[in-house]
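Report on one structure; see the data block that follows.
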Amino acid sequence: MDPERETTYLFRHAVMQQVGYELQPPSARSALHAAAMEVIESLYPDALEDHALELARHALQARQGQPTDRATRALGRKEAKYLALAAAVARRRFDVGRAQMLLLALAECPFAAREVRVRALRQAAETGMDAGRNAEAQPILHAGLGEARRHKLASEEALILLALARSSMLAGRMPEAMAYGDQARAIAAATRSAETEFAVLHELGALTFQRGESSSAMALFDQAAELARASGSRANLASALNRAGAARVMLLRLDEAAILLDEALQISRDIGDLRLIGAVLGNRGVMLRKSGRLEEAAEVYRQSLEHNRRYGFRQTETTNLDNLGVVLGTLKRFEEAIAVHEEGIKLAREAGLQTAVGMGLLNMSLILKLQGKTSESMQRLEEAEVILRRTGSMMGVGNLLVNRSNIHRERGHLYEALRDLVEAQIVFRDLRDTLNVAEMETRIFEVLSLMGRHEDILPRAQALYETALKDALPRLYAFLGIGWAAYAASKLAGHEVLARTAATQAVALIPEDGWEGHSQVIVDEIHRIAAG
């Protein structure tokens with residue numbers, strides 16, 4: 001065909017093209033699609049990802065209407081292959097709707113292996129959860145669980161149970177989430193598959209970390225790292241080290257975190273894992289922020305941001321923007337911080353990352369509050385609350401309630417402040433976040449004291465101190481002891497010293513080598529502080 005005359009053969013109307021296509025015998029249409037697929041494969045052998053969706057369509061239409069024979073089965077296998085490839089590309093680009101459509105088509109493809117079809121159901125549900133569509137994920141996961149059990153696919157069963165744990169956690173159903181997690185771990189151990197055990201430990205650690213239980217999460221990540229070292233999987237090792245480092249950052253074990261994150265970064269660079277490089281850089285930024293090195297943290301966030309933009313990792317890019325905004329706000333560079341948050345929120349909206357939108361709005365509200373723009377801050381909090389509740393991001397909801405209570409308190413709206421703190425405490429209790437439950441109680445003591453309701457504080461403090469919470473963690477036991485002693489000291493001295501103020505001063509006196517053996521020193525010092 002003469003290229004200059006090629007337009008002569010184009011159809012003037014799509015309907016004419018469709019009619020012409022349907023006039024062809026089925027065998028001719030199938031042959032045309034098979035030929036088109038072969039041409040694309042030969043022309044773009046190194047860029048099949050870019051044409052995966054088109055290739056899957058041609059493979060499907062090439063086999064339709066044909067008798068089931070060896071050639072048709074080969075086309076079916078290609079259809080499954082290209083559906084999986086196209087879905088992976090769509091997930092990477094956060095094209096949620098298309099990714100779910102392709103994965104569900106793969107789950108229905110009769111030529112895909114059973115394990116591939118079950119995995120596609122799980123991934124379709126996980127893609128929805130990532131985009132804040134948790135309610136849609138539940139029936140898909142249960143369908144996948146039934147298929148995994150029917151075909152005795154133990155590894156997939158464990159991973160689907162883990163996804164159900166995550167879904168239940170997002171919905172605030174913590175006992176159910178824990179039960180699913182325990183089942184997943186038991187099944188993974190029974191498979192004796194290092195890869196499955198690693199996946200379950202790794203993701204169970206992530207769920208535990210999101211719940212705020214950093215110590216438990218750290219232990220799970222450490223176990224996952226040991227498995228990865230034993231199996232020789234450097235990719236798994238780098239990922240586990242990164243998350244283990246992040247957990248240590250939250251526990252302020254910063255020297256240990258630095259060692260793990262450095263190793264994770266080196267391995268991810270060695271194996272060329274571009275996504276993980278960006279994630280590790282982000283966690284190093286958090287570590288620097290926690291250590292008070294804010295300018296260095298901002299620079300590392302910018303490096304991670306540039307890296308993730310270059311390679312199209314939009315989810316990590318939104319996280320970087322949010323973290324950078326927080327650092328700039330702490331540095332009192334408010335206008336820059338607001339601009340960065342706005343950019344992150346816009347990107348998260350475009351990518352369908354609803355939880356990231358909610359967290360971005362929450363963090364922007366804190367900057368506006370620092371600027372004295374209280375009304376705007378409250379407006380952003382209201383927007384964030386709607387999104388975070390809808391997506392089931394209960395840890396975010398708890399933090400939002402605490403920040404809103406602070407604004408109410410500054411405005412003198414003490415009943416509203418108390419209401420938000422009580423609701424936040426319920427949220428953290430449902431999440432089994434015992435440290436935040438105790439923190440909320442001390443904040444409630446403060447508001448009750450400001451309201452002049454001292455008679456209500458004493459029984460609450462006594463009840464909290466005497467409950468099983470005191471045995472949850474040595475650190476928590478000491479914290480509650482300090483809080484109780486601070487309040488008792490202020491009452492004895494006749495001072496209106498807020499429990500949390502005295503407790504904070506007392507905590508600063510505790511040696512870094514541990515809490516045990518210092519109780520009398522703490523109590524004596526609190527009495528001294530309260531007595532003035």
Side-chain angles (χ1 to χ4, degrees), residues 88 91 103 115 118-132 134 137-138 140-142 144-145 148 153-171 173-174 176-229 231 233 235-248 250 260 264 268 273 275-276 279-280 283 315-316 319 355 391-395 431-432:
R91 289 186 82 192
L103 287 165
E115 189 169 2
V118 173
R119 184 184 305 127
L121 285 170
R122 171 172 58 83
Q123 291 177 338
E126 289 172 340
T127 300
M129 285 191 284
D130 289 341
N134 188 41
Q138 287 272 340
I140 299 173
L141 287 171
H142 282 293
L145 184 62
L153 301 171
S155 292
E156 271 303 321
E157 181 183 355
L159 294 175
I160 291 171
L161 284 165
L162 197 63
L164 280 166
R166 177 187 171 197
S167 179
S168 298
M169 189 187 81
L170 286 173
R173 299 193 297 269
M174 290 312 301
E176 184 180 288
M178 296 298 290
Y180 279 132
D182 290 342
Q183 289 179 59
R185 193 167 183 182
I187 292 170
T191 64
R192 298 187 180 279
S193 162
E195 190 65 28
T196 302
E197 283 193 76
F198 171 84
V200 169
L201 286 170
H202 196 237
E203 292 309 311
L204 198 55
L207 292 179
T208 306
F209 187 63
Q210 289 169 22
R211 201 165 58 235
E213 297 180 16
S214 299
S215 294
S216 299
M218 181 180 70
L220 289 165
F221 291 141
D222 287 348
Q223 290 175 55
E226 288 174 16
L227 270 177
R229 284 191 196 277
S231 66
S233 173
N236 285 349
L237 176 60
S239 186
L241 290 172
N242 176 48
R243 287 181 165 179
R248 282 169 169 80
M250 297 309 294
L260 295 176
S268 57
D273 191 330
R275 184 181 295 276
L276 189 55
V280 177
N283 282 328
Q315 187 168 23
T316 319
T319 303
T355 301
T391 59
S393 307
M394 299 313 293
M395 182 61 75
L431 292 172
R432 298 189 181 183

Salt bridge present between Glu157 and Arg122 (N-O < 4.0 angstrom):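 No, Glu157 and Arg122 are not salt-bridged.
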
**Pair Arg248 + Asp222: basic N to acidic O under 4.0 Å** =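 The answer is yes: the pair qualifies as a salt bridge.
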
Are any non-hydrogen side-chain atoms of [X] and [Y] less than 4.5 angstrom apart?
| X | Y | result |
| --- | --- | --- |
| Glu195 | Asn236 | yes |
| Phe209 | Met250 | yes |
| Leu103 | Arg91 | yes |
| Leu237 | Leu227 | no |
| Leu164 | Gln138 | yes |
| Leu141 | Met129 | yes |

(message) Enumerate the salt bridge (Lys or Arg N to Asp or Glu O under 4.0 Å) contacts for residues 177-193, please, sequence neighbours excluded, ordered by first and then second residue.
(response)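 For residues 177-193: none.
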
Checklist entry - Where the side chain of Thr319 meets the backbone of Gln315, is there a donor-acceptor pair that is under 3.5 Å apart? => result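 Yes, because the side chain of Thr319 sits within donor-acceptor range (under 3.5 Å) of the backbone of Gln315.
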
Has Ser231 got a side-chain atom pairing as donor or acceptor with Ala228's backbone, closer than 3.5 angstrom?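 Side chain of Ser231 to backbone of Ala228, a donor-acceptor pair under 3.5 Å: yes, one is there.
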
Would you give the length of the straight line joining atom [atom1] of [X] to atom [atom2] of [Y], rounded to the nearest 0.5 angstrom?
| X | Y | atom1 | atom2 | answer |
| --- | --- | --- | --- | --- |
| Leu145 | Ile140 | CG | CD1 | 13.5 Å |
| Leu260 | Asn283 | CG | CG | 11.0 Å |
| Leu121 | His142 | CG | NE2 | 13.0 Å |
| Glu203 | Thr208 | CD | OG1 | 10.5 Å |
| Leu276 | Ser268 | CG | OG | 4.5 Å |

Identify the heavy atoms of [X] and [Y] that sit nearest to each other, and give their distance.
| X | Y | result |
| --- | --- | --- |
| Ala238 | Ala264 | O-CB, 3.5 Å |
| Ile160 | Ala148 | CD1-CB, 4.3 Å |
| Glu115 | Leu153 | CA-CD1, 3.8 Å |
| Ala188 | Val200 | CB-CG2, 3.6 Å |
| Ala125 | Ala137 | O-CB, 3.6 Å |
| Ile187 | Ala154 | CG2-O, 3.5 Å |

Note to self: If the condition is side chain to side chain donor-acceptor pair (under 3.5 Å), which residues does Ser193 pass it with, not counting sequence neighbours?
What the structure shows: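 With neighbours one apart ignored, the set is Thr196.
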
| Pair Leu241-Arg229, side-chain contact (heavy atoms from CB on, under 4.5 Å): steps then yes or no | CA-CA 11 Å; Leu241 290 172; Arg229 284 191 196 277; 3.9 Å; yes

| field | All ring pair (Phe, Tyr, Trp, His ring centres under 6.0 Å) counterparts of Phe198, not counting sequence neighbours | value |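 By the ring pair (Phe, Tyr, Trp, His ring centres under 6.0 Å) rule, Phe198 matches His202.
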
